[in-house]
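To start, the structure under review is shown below, and the notes come after it.
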Amino acid sequence: MYRHLERRLTQKIREFLQQTYSIELPRIVIEQPPKVEFGEYALPLAFELAKKLRKAPRKIAEDVVAGLGTLEGFEKFEVAGAGYINARVDRAYVAKALANDEKPTTEAVSGKVLVEHSSINPNKAAHIGHLRNAILGDTFVRLLKSAGRAVDVQNYIDNTGVQVADVVVGFLHLEKKSRVEIEQLAERPQFDYFCWDVYARASQWYEQNADNKKLRLQTLHEIEQGGNETASIAELISTAVLRRHLETMDRLDIEYDFLPRESEILHLHFWEAAFTKLKESGVLTFESEGKNKGCWVMRRAGTASAKDSTTEGTEIAEEDQKVIVRSNGTVGYVGKDIAYHMWKFGLLGRDFNYEKFYRYPNGHECWISSDKGAPDHPHFGDVAEIYNVIDARQSEAQNTVIEALRGLGHNEAADHYTHFSYEMVALTPCCAAELGYTLSEEDKSRAYVEVSGRKGFGVKADDLLDKLIASAKNEVDSRHPELSDDERKNIATQIAVGALRYFMLKFTKNSVIAFDFKEALSFEGETGPYAQYAVVRASNIFRKGGFDPDKFSAGEIDFSKYLSDSSANEIWELWLAAAKTSYVIGQCIATSEPAYLAKHIFQLAQLFNTFYHRFPILTEANESRKQFLLATAAVVRRELIHALQVIGVQAPAVM
RNA sequence: GGGCGCGUAGCUCAAUCGGAUAGAGCACCGGAUUUCUAAUCCGGGGGUUGCAGGUUCAAUUCCUGCCGCGCCUACCA
């Protein structure tokens with residue numbers, strides 16, 4: 001609604017400027033006034049025009065206001081301050097549309113979007129860093145879907161990398177486990193936790209002597225090769241850990257459609273197909289001397305090629321070279337990534353084979369890449385737009401892939417390739433100490449310490465969730481002894497998930513989260529449960545009053561009576577915030593920043609809580625005013641539930 | 001050395017391509033008719049937005065230079 005009116009206003013202003021001054025501005029800036037008394041939209045337009053028109057801003061603003069006339073949905077325009085033009089909407093018009101849940105028709109965007117997130121190495125339990133990735137990714141998926149986009153959710157599995165090799169080495173050479181023993185362990189519920197420790201031990205063991213490291217390299221080669229016992233054990237381990245990751249993420253209502261694996265990228269020869277094209281197009285060049293002698297290299301992203309017009313042809317300064325194919329002929333991960341991304345855009349000319357892998361309790365089927373494949377499978381890849389949720393440390397690699405696509409002439413694909421970059425989750429030194437890790441003096445003085453799977457240093461996702469559930473369960477137990485234990489468990493889980501998801505979303509993407517248990521375990525203040533509680537309060541009003549909030553009819557209400565005068569500003573602010581939800585969702589998608597929606601939810605909940613205190617509804621003597629207040633609660637409740645659903649948070653029945 | 005990012009209240013963070021008096025939460029202090037359940041609400045203190053210049057009617061935001069911090073910068077994935 002808010003967005004719809006803004007568009008209408010922009011259009012009107014454009015027409016006016018064209019007709020009156022014959023001016024075409026590239027962009028009409030529309031802001032939100034600092035206070036609701038000033039109206040709903042503010043235009044600093046007059047300041048911009050002052051120079052062009054050689055008139056005082058204030059005078060221009062007055063002229064614009066006088067000449068603008070009327071506009072549907074708007075009450076009036078006025079001049080404020082040194083030359084702001086403030087627009088006031090017709091409050092009753094907006095409220096009525098909102099109460100009736102009228103959605104302005106939006107043009108459907110065609111083309112499928114591919115969002116890839118999580119991508120946890122299948123060699124150990126997921127930790128809080130992975131949670132940030134998965135929650136950001138899943139929320140972005142929900143944002144896109146709520147805007148009507150068709151989305152494929154992928155989780156890339158690097159099942160042939162060194163991390164997997166390390167656990168395999170750990171099991172076979174350090175723990176001396178047989179295949180049968182590993183199979184038995186893999187059946188155990190917390191196999192990923194077991195691997196967590198094995199991985200950390202193996203990493204330490206490498207430091208002991210050089211032979212151990214040789215074993216690692218040999219194991220890695222066997223895994224990459226495939227078709228041998230080592231590869232088979234690696235597959236066994238990585239698949240079992242992968243299942244655990246899916247279970248962990250499912251606890252947070254995070255699901256995937258397809259799991260492409262690196263093993264298939266190798267076995268189905270994606271790279272060979274890409275290599276040919278990369279050589280033909282000159283993206284890759286062969287180095288015949290220098291430190292990268294014998295390698296196929298490409299220009300490192302960000303080392304501008306435009307400026308060095310002096311170097312002729314395809315010469316790339318040594319420090320700007322990124323090795324794609326090693327001198328022994330093997331391809332590095334960036335190369336595989338280029339091939340994989342050509343597949344995503346349908347540019348490779350090859351496809352995976354697919355088989356069913358995991359069925360969610362709700363019946364949703366998750367597919368996985370495979371060598372053989374099932375005959376009937378959904379169509380993946382070949383999309384119009386992609387988003388890769390990958391942390392900021394990999395931005396250079398991501399940019400290299402984008403440059404490769406560009407070099408191949410696929411500019412459109414490159415333009416629709418978004419590295420959805422975010423910063424890592426680290427631990428506060430205090431938190432690290434709580435976990436029993438001893439830190440160096442240097443680390444203690446830092447604001448945060450990076451987690452390290454290699455050192456087994458971090459907070460496991462399931463542990464954190466268990467802690468949150470236990471803490472929420474305590475509260476629910478004491479507040480609602482009348483409920484069954486199952487019901488209380490269920491509510492506690494919803495609260496825990498709400499707290500965790502909100503926590504990961506409240507920070508903007510490029511701020512490092514210094515994780516601290518006290519903050520993450522809080523259910524008060526700016527948290528998910530705060531917003532959930534606001535919904536519960538709204539529901540309670542209807543429950544106690546004997547009404548159904550979802551069937552509440554606003555037909556008879558005279559909104560202008562209750563919203564028009566300035567004494568109604570407080571309630572109007574709440575209506576306005578509710579009207580902004582879809583606008584905020586649009587902002588989140590445009591900027592790839594889910595934090596805006598989290599903040600919006602909190603603000604809406606905050607305004608509602610104030611309203612809740614100020615205006616007792618059920619005791620309201622004036623029946624028509626009571627209906628109006630009920631309509632207010634119904635609309636806010638509906639918008640909050642919707643917005644919470646978009647960030648993947650459910651509102652419990654009671655709290 | 002080069003690339004990317006960050007520096008805002010005691011702490012953790014916001015501030016929508018530059019806009020009106022820089023906002024929240026936590027912590028601290030003081031309050032809220034035992035009510036639609038207080039996981040809430042109201043009030044209070046707390047800021048030279050790292051420093052110095054520049055551009056602009058307007059700078060936390062853009063530009064330049066410093067200072068400080070983080071990440072990336074392997075023929076590892």
Side-chain angles (χ1 to χ4, degrees), chain A residues 27 29 31-35 38 42 44 46-48 50-51 56-57 80-84 86 121 158 160-165 217 220 262 291-295 297 300-303 319-320 322-328 330 332-334 336-337 391-397 399 421 423-424 426 428 446-448 450 472 475-476 479-480 495 506-508 510-514 516 518-519 522-527 529-530 532-534 536-545 583-584 587 590-591 593 595-596 599 602-603 606 609-610 612-619 629 633 654-655:
Chain A
R27 186 167 171 272
V29 178
E31 293 160 1
Q32 301 177 23
K35 282 180 179 168
F38 296 151
F47 299 111
E48 207 178 328
K51 221 168 220 175
Y84 277 98
N86 290 337
N121 284 322
D158 180 4
T160 57
V162 279
Q163 286 88 350
V164 172
L217 209 59
L220 179 61
E262 185 164 86
K291 83 171 169 136
N292 294 327
K293 182 176 176 181
C295 300
V297 303
R300 190 182 294 285
T303 59
E319 65 270 22
D320 293 344
K322 173 75 195 166
V323 172
I324 303 298
V325 180
R326 302 174 193 117
S327 55
N328 66 7
T330 59
Y333 85 108
V334 176
K336 285 178 264 189
D337 222 20
D391 76 73
R393 284 171 288 195
Q394 299 210 43
S395 65
E396 190 182 282
N399 288 333
S421 166
E423 269 295 349
M424 61 182 175
T428 59
R446 292 177 199 271
Y448 50 82
E450 202 172 340
E475 279 295 319
V476 180
R479 284 162 196 252
H480 297 284
I495 293 169
K506 72 195 262 194
F507 305 93
T508 48
N510 50 9
S511 114
V512 176
I513 297 182
D516 174 65
K518 188 165 158 284
E519 230 185 299
S522 169
F523 297 148
E524 288 165 22
E526 197 196 334
T527 65
Y530 177 96
Q532 290 173 309
Y533 188 59
V536 168
R537 285 179 136 182
S539 301
N540 285 345
I541 298 170
F542 290 91
R543 192 163 40 80
K544 275 273 169 82
Y583 172 83
V584 173
Q587 297 285 310
T591 56
E593 181 51 273
Y596 295 146
K599 291 277 174 199
F602 175 64
Q603 279 159 16
Q606 213 173 19
N609 274 328
T610 307
Y612 179 91
H613 268 267
R614 290 268 323 218
F615 306 101
I617 297 177
L618 295 178
T619 54
L629 294 175
V654 296
M655 273 178 83

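Note on naming: letters A, B, ... go to the chains in the order of the sequence lines (proteins, then strands), and numbering restarts at 1 for each one.
Distance from the side chain of A:Ala80 is smallest for B:A20 among the nucleotides B:U37, B:A20, B:A15. Taking only side-chain atoms of A:Glu396, from C-beta outward, the nucleotide of B:C72, B:G19, B:A20 with the closest atom is B:C72. Distances were taken from every side-chain heavy atom of A:His613 (C-beta onward) to each of B:C72, B:A32, B:U73; the shortest belongs to B:A32. Side-chain atoms of A:Ala42 lie closest to B:A20 of the nucleotides B:C6, B:A20, B:A15. Ranking B:A20, B:C13, B:G25 by closeness to the A:Lys599 side chain, first place goes to B:C13. Candidate nucleotides B:U37, B:A39, B:C72 were compared by shortest atom distance to the side chain of A:Pro529, and B:A39 ranks first.
Spacing between atom CD1 of A:Ile513 and atom P of B:C71 amounts to 17 Å, rounded to whole angstrom units. At whole-Å resolution of the value, CG in A:Asn399 and C1' in B:C4 are 9 Å apart. The CZ-C1' distance, from A:Phe523 to B:G25, rounds to 16 Å in whole Å. Atom pair A:Asn510:CG and B:C6:P shows a separation of 5 Å (rounding to whole Å applied). For the pair A:Glu519 CD and B:G25 P, the interatomic distance rounds to 14 Å; values are reported in whole Å. One interatomic measurement links the two molecules: CD of A:Glu475 to P of B:U37, which rounds to 17 Å at whole-angstrom precision. Counting to the nearest Å, the C1' atom of B:A74 and the CD1 atom of A:Ile324 are 13 Å from each other. A:Tyr533 has its OH atom 11 Å from the C1' atom of B:C41, to the nearest Å.
Salt-bridge formation is detected for the pair A:Lys599/A:Glu526: a Lys NZ or Arg NE/NH1/NH2 atom is positioned less than 4.0 Å from an Asp or Glu carboxylate oxygen.
A:Tyr84 and A:Phe47 have their aromatic ring centers within a separation under 6.0 angstrom.
A:Ile513 contributes atom CD1, which lies 9.5 Å from atom NZ of A:Lys506 (distance to the nearest 0.5 angstrom). In this structure, NZ in A:Lys322 is found 6.5 Å from CD in A:Glu396, a value given to the nearest 0.5 Å. Here the straight-line distance linking atom CD of A:Gln532 with atom CD1 of A:Ile495 works out to 6.0 Å at 0.5 Å rounding.
Between B:U12 and A:Tyr448, no contact under 4.0 Å exists linking OP1 or OP2 to a side-chain N or O. Residue A:Arg614 places none of its side-chain N or O atoms closer than 4.0 Å to OP1 or OP2 of B:C41. A sub-4.0 Å separation between OP1 or OP2 of B:A38 and a side-chain N or O of A:Arg537 is present. Side-chain nitrogen and oxygen atoms of A:Gln606 include at least one within less than 4.0 Å of the OP1 or OP2 phosphate oxygen of B:G25. A:Tyr583 has no side-chain polar atom (N or O) that falls below the 4.0 Å cut-off from OP1 or OP2 of B:U16. An OP1 or OP2 oxygen of B:U56 is reached within less than 4.0 angstrom by no side-chain nitrogen or oxygen of A:Lys51.
With a 3.5 Å ceiling on both atom-pair distances, B:G45 lacks any Watson-Crick or G-U wobble partner. In this structure B:C4 sits in a base pair with B:G70, meeting the Watson-Crick or G-U test at under 3.5 Å. Nucleotide B:C26 is matched to B:G10 when pairs are restricted to Watson-Crick or G-U wobble geometry with both distances under 3.5 angstrom.
Remark: ring of A:Tyr84 overlaps the six-membered base ring of B:A20 in a stacked fashion, centroids less than 5.5 Å apart, planes less than 30° apart. A:Phe38 qualifies as a stacking partner of the B:A20 base, centre to centre under 5.5 Å and near-parallel within 30°.
For B:U49 and B:G7, the C1' atoms lie 9 Å apart once the distance is rounded to whole Å. Comparing B:G47 with B:C41, their P atoms sit 25 Å apart, to the nearest whole Å. Between B:G18 and B:C63, the two P atoms lie 10 Å apart (nearest whole Å). With both ends at atom P, the span from B:U16 to B:A59 equals 15 Å, rounded to whole Å. With C1' as the reference atom, B:G68 and B:G30 are 39 Å apart, rounded to whole Å. Nucleotides B:C72 and B:A52 place their P atoms 33 Å apart, quoted to the nearest Å.
Nucleic acid contact for A:Ser511: sugar-phosphate only, since backbone atoms but no base atoms lie under 4.0 Å from a heavy atom of the residue. At a threshold of 4.0 angstrom between heavy atoms, the contacts of A:Leu220 with the nucleic acid are absent. Among the heavy atoms of the strands lying under 4.0 Å from A:Asn609 are primed sugar atoms or P, OP1, OP2 only; no base atom is included. Among the atoms of the strands shown, only primed sugar atoms or phosphate atoms (P, OP1, OP2) are found under 4.0 Å from some heavy atom of A:Lys336. The residue A:Glu593 sits apart from the nucleic acid: no heavy atom pair falls under 4.0 Å. Within the nucleic acid shown, A:Phe542 has no heavy atom closer than 4.0 Å to any nucleic acid atom. Heavy atoms of A:Glu524 sit under 4.0 angstrom from primed sugar atoms or phosphate atoms, though from no base atom. Looking at heavy-atom distances under 4.0 Å, A:Asn86 makes contact with a base. A:Val512 comes within 4.0 angstrom of the backbone, heavy atoms only, and of no base. Residue contacts shown for A:Ala472 are absent, as no nucleic acid heavy atom lies under 4.0 Å away. Among the atoms of the strands shown, none is found under 4.0 Å from any heavy atom of A:Glu423. Among the protein residues, A:Tyr530 comes within range of the sugar-phosphate backbone only, with heavy atoms under 4.0 Å from sugar or phosphate atoms but none that close to a base. Using a 4.0 Å heavy-atom distance criterion, A:Lys293 is classed as a base contact. Counting non-hydrogen atoms under 4.0 angstrom, A:Arg446 reaches the backbone sugars and phosphates but no base.
One can find a donor-acceptor pair under 3.5 Å joining the base of B:U21 and the side-chain atoms of A:Lys35.
Comparing A:Gly161 and A:Arg479 by the nucleotide of RNA chain B that holds the closest heavy atom to each, the one mapping nearer the 5' end is A:Arg479. Remark on RNA chain B: of its neighbouring residues A:Thr610 and A:Gln603, the 5'-side contact belongs to A:Gln603, judged by nearest-heavy-atom nucleotide.
Using modelled atom types and a 3.5 Å distance limit, the side chains of A:Arg537 and A:Asn540 yield no donor-acceptor pair. For the residue pair A:Asn609 and A:Tyr530, a side-chain donor N or O sits within less than 3.5 Å of a side-chain acceptor on the partner.
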